[in-house]
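Naming: A, B, ... by sequence-line order, numbering from 1 per chain. FYI, side chains are in, hydrogens and waters are out, and symmetry mates aren't considered; it's all heavy atoms of this structure.
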2 protein chains.
Amino acid sequence: MRILLVEDDVALGEGIRTALKPEGYTVDWLQDGASALHALGCESFDLCVLDLGLPRLDGLEVLRCLRTAGHPLPVMVLTARDATSERIAGLDAGADDYLVKPFDVAELKARLRALLRRSFNRPQPALEYRGICLDPQSQAVSYEGREVALARKEFLLLHELLAQPGRVLTRDKLQQALYGWDEEVESNALEVHVHHLRKKLFPELIRTVRGVGYMVDKP
Amino acid sequence: MRILLVEDDVALGEGIRTALKPEGYTVDWLQDGASALHALGCESFDLCVLDLGLPRLDGLEVLRCLRTAGHPLPVMVLTARDATSERIAGLDAGADDYLVKPFDVAELKARLRALLRRSFNRPQPALEYRGICLDPQSQAVSYEGREVALARKEFLLLHELLAQPGRVLTRDKLQQALYGWDEEVESNALEVHVHHLRKKLFPELIRTVRGVGYMVDKP
DNA sequence: CCCAGCCTTAACAAACGCTTAAGTCTGTAT
DNA sequence: ATACAGACTTAAGCGTTTGTTAAGGCTGGG
């Protein structure tokens with residue numbers, strides 16, 4: 001689950017990001033409106049947490065552009081001002097939910113969950129593949145009926161792979177799913193995770209495509 | 001996937017190139033605007049990464065010429081200055097995306113991918129030819145129903161040939177598809193790869209055109 | 001019949017990925 | 001706070017695959 005966080009306040013941004021990470025989200029964080037708009041155009045996210053008071057391009061403006069372009073992405077707006085007019089403007093511009101600062105992080109999490117649930121309003125179908133069942137809701141995986149305990153990165157990796165069987169996912173693409181685009185990893189961590197998955201499930205599950213990446217065969 | 005990189009800073013150029021190579025891109029690197037414009041006119045690329053501050057002919061100028069000539073090539077602009085006016089000028093001149101230095105290589109990769117995805121938004125259909133099926137999605141090749149394991153260069157070569165049946169591809173063109181134009185190969189490697197393909201599939205598949213190159217007959 | 005160009009083969013070198021184990025970090029319970 | 005456990009990353013060694021090179025044989029056109 002990939003989230004774009006747009007927040008210029010460094011302390012708050014860091015706070016939100018660290019709060020969200022353990023939930024299993026991959027958080028990419030930008031600090032101004034222009035970059036955000038740009039990133040939204042180029043990359044794909046599942047959700048955006050958007051502060052309104054931003055340098056270079058106001059959050060409201062970003063939101064309006066996004067909606068004008070017909071982008072359906074769920075957006076959670078953060079606003080420091082609790083002036084009613086502000087909020088109304090936000091919702092008018094196409095926000096799906098808003099939160100007034102200061103807020104409780106727990107509430108943010110809860111609302112994000114709700115938002116995601118609503119937006120993927122089908123209850124996020126569990127992925128099934130050759131005896132493996134992966135449920136995004138509960139972040140649980142089972143193999144032939146028995147629970148398999150996966151670590152967070154392992155889960156993300158498996159999710160990514162199972163979501164597109166029959167396609168090679170480049171190393172890079174996978175790394176992006178596990179890490180944001182900062183925090184790049186400088187080692188063979190990916191290989192290690194793959195190894196762990198193969199061990200916990202079964203080795204043939206993940207096929208390596210030499211020089212390119214990994215894939216799961218079509219069912 | 002062939003990329004033209006135009007960057008006068010040697011360290012940066014080298015960095016980008018080595019970062020991009022493992023992604024499977026073939027990177028050709030030039031260091032001034034005039035050569036770049038020339039190469040763009042003569043050779044065919046899938047994408048161009050263009051620095052703006054260039055000797056002999058400014059990047060903006062290159063871009064403008066390219067667009068004036070009606071060239072649709074996706075261009076990623078790099079700029080040291082983050083002056084808004086610069087960026088706007090870049091986008092106006094026909095850039096498809098821009099990145100402000102210093103940037104994270106991971107971000108560059110991500111954006112290039114996005115750019116390519118956008119420009120080639122056709123989902124890369126599988127090629128079929130006389131019992132051979134080559135699927136770019138899964139990077140798999142089969143012959144008469146059975147999987148054939150191809151190495152990376154072999155795959156690239158076959159892809160290139162099957163993409164244009166009935167046309168002779170010069171040795172040179174093929175080498176460029178497999179290697180960039182530096183890193184040129186000084187031996188008969190190409191012949192060897194052709195040989196391997198003929199062995200793994202069937203010998204008549206690839207016809208040699210003496211003194212010129214190779215081809216695959218029209219279906 | 002000769003030669004350049006191409007094919008074939010085999011040996012070597014390099015790249016790549018797998019595995020393991022040790023280190024580092026994080027969150028949690030004491 | 002401290003210590004611990006689990007998660008994650010790093011690093012090194014190893015085996016395998018892939019790619020390059022070179023040498024010698026073959027072949028078709030002059």
Going by the rule salt bridge (Lys or Arg N to Asp or Glu O under 4.0 Å), which residues pair with [X] if we only count those two or more places apart in sequence or in a different chain?
| X | value |
| --- | --- |
| A:Arg171 | A:Glu191 |
| A:Arg152 | none |
| A:Asp217 | A:Arg207 |
| B:Asp8 | none |

Integer-rounded Å distance: [N] [atom2] and [X] [atom1]:
| X | N | atom1 | atom2 | answer |
| --- | --- | --- | --- | --- |
| B:Leu150 | D:dT17 | CG | P | 15 Å |
| A:Leu157 | D:dT9 | CG | P | 11 Å |
| B:Gln175 | D:dT21 | CD | C1' | 14 Å |
| A:Lys153 | D:dT9 | NZ | P | 4 Å |
| B:Leu197 | D:dG19 | CG | C1' | 13 Å |
| A:Leu174 | D:dC8 | CG | P | 16 Å |
| A:Leu178 | D:dA7 | CG | C1' | 13 Å |
| A:Lys21 | D:dC8 | NZ | P | 11 Å |

| request: Kindly give the heavy-atom pair with the smallest separation between B:Tyr129 and B:Leu205, and that separation in Å. | output: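 Taking B:Tyr129 first and B:Leu205 second, the nearest heavy atoms are CE2-CD1, 3.5 Å.
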| said: Does anything in residues 194-204 of chain B form a side-chain hydrogen bond (donor to acceptor under 3.5 Å, both in side chains)? List the pairs, not counting sequence neighbours. | reply: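 Counting only pairs at least two positions apart or across chains, the side-chain hydrogen bond (donor to acceptor under 3.5 Å, both in side chains) contacts touching residues 194-204 of chain B are B:Glu154-B:Lys200.
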| note | Counting primed atoms, P, OP1 and OP2 as sugar-phosphate and everything else as base, the B/S/- map of nucleotides 24-30 of chain C against protein heavy atoms under 4.0 Å is -------
| said: For nucleotides 4-10 of chain C, give me one character per nucleotide, 5' to 3': B if any protein heavy atom sits under 4.0 Å from the base, S if the only such contacts are to the sugar-phosphate, - if neither. | reply: -BSBBB-
| field | Spatial distance of atom CG (B:Leu156) from atom CG (B:Leu174) [nearest 0.5 Å] | value |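 So the CG of B:Leu156 and the CG of B:Leu174 are separated by 11.0 Å.
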| message | Applying side-chain hydrogen bond (donor to acceptor under 3.5 Å, both in side chains), can you list everything that pairs with B:Asn188, at least two apart in sequence or on another chain? | response |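 Partners of B:Asn188 under the side-chain hydrogen bond (donor to acceptor under 3.5 Å, both in side chains) test: none.
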| query | Got a sec, which residues hit side-chain hydrogen bond (donor to acceptor under 3.5 Å, both in side chains) with A:Thr18, two or more places apart in sequence or on another chain? | reply |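 Result, side-chain hydrogen bond (donor to acceptor under 3.5 Å, both in side chains) vs A:Thr18: none returned.
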| request: Return the 5'-most residue of the pair B:Lys200, B:Leu190 with respect to DNA chain D, ranking by each residue's nearest nucleotide. | output: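 That would be B:Lys200.
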| query | Across the strands shown, which category fits A:Ala189 at heavy-atom distances under 4.0 angstrom: base, sugar-phosphate, nothing? | reply |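 Since a base atom lies under 4.0 Å of A:Ala189, the category is base.
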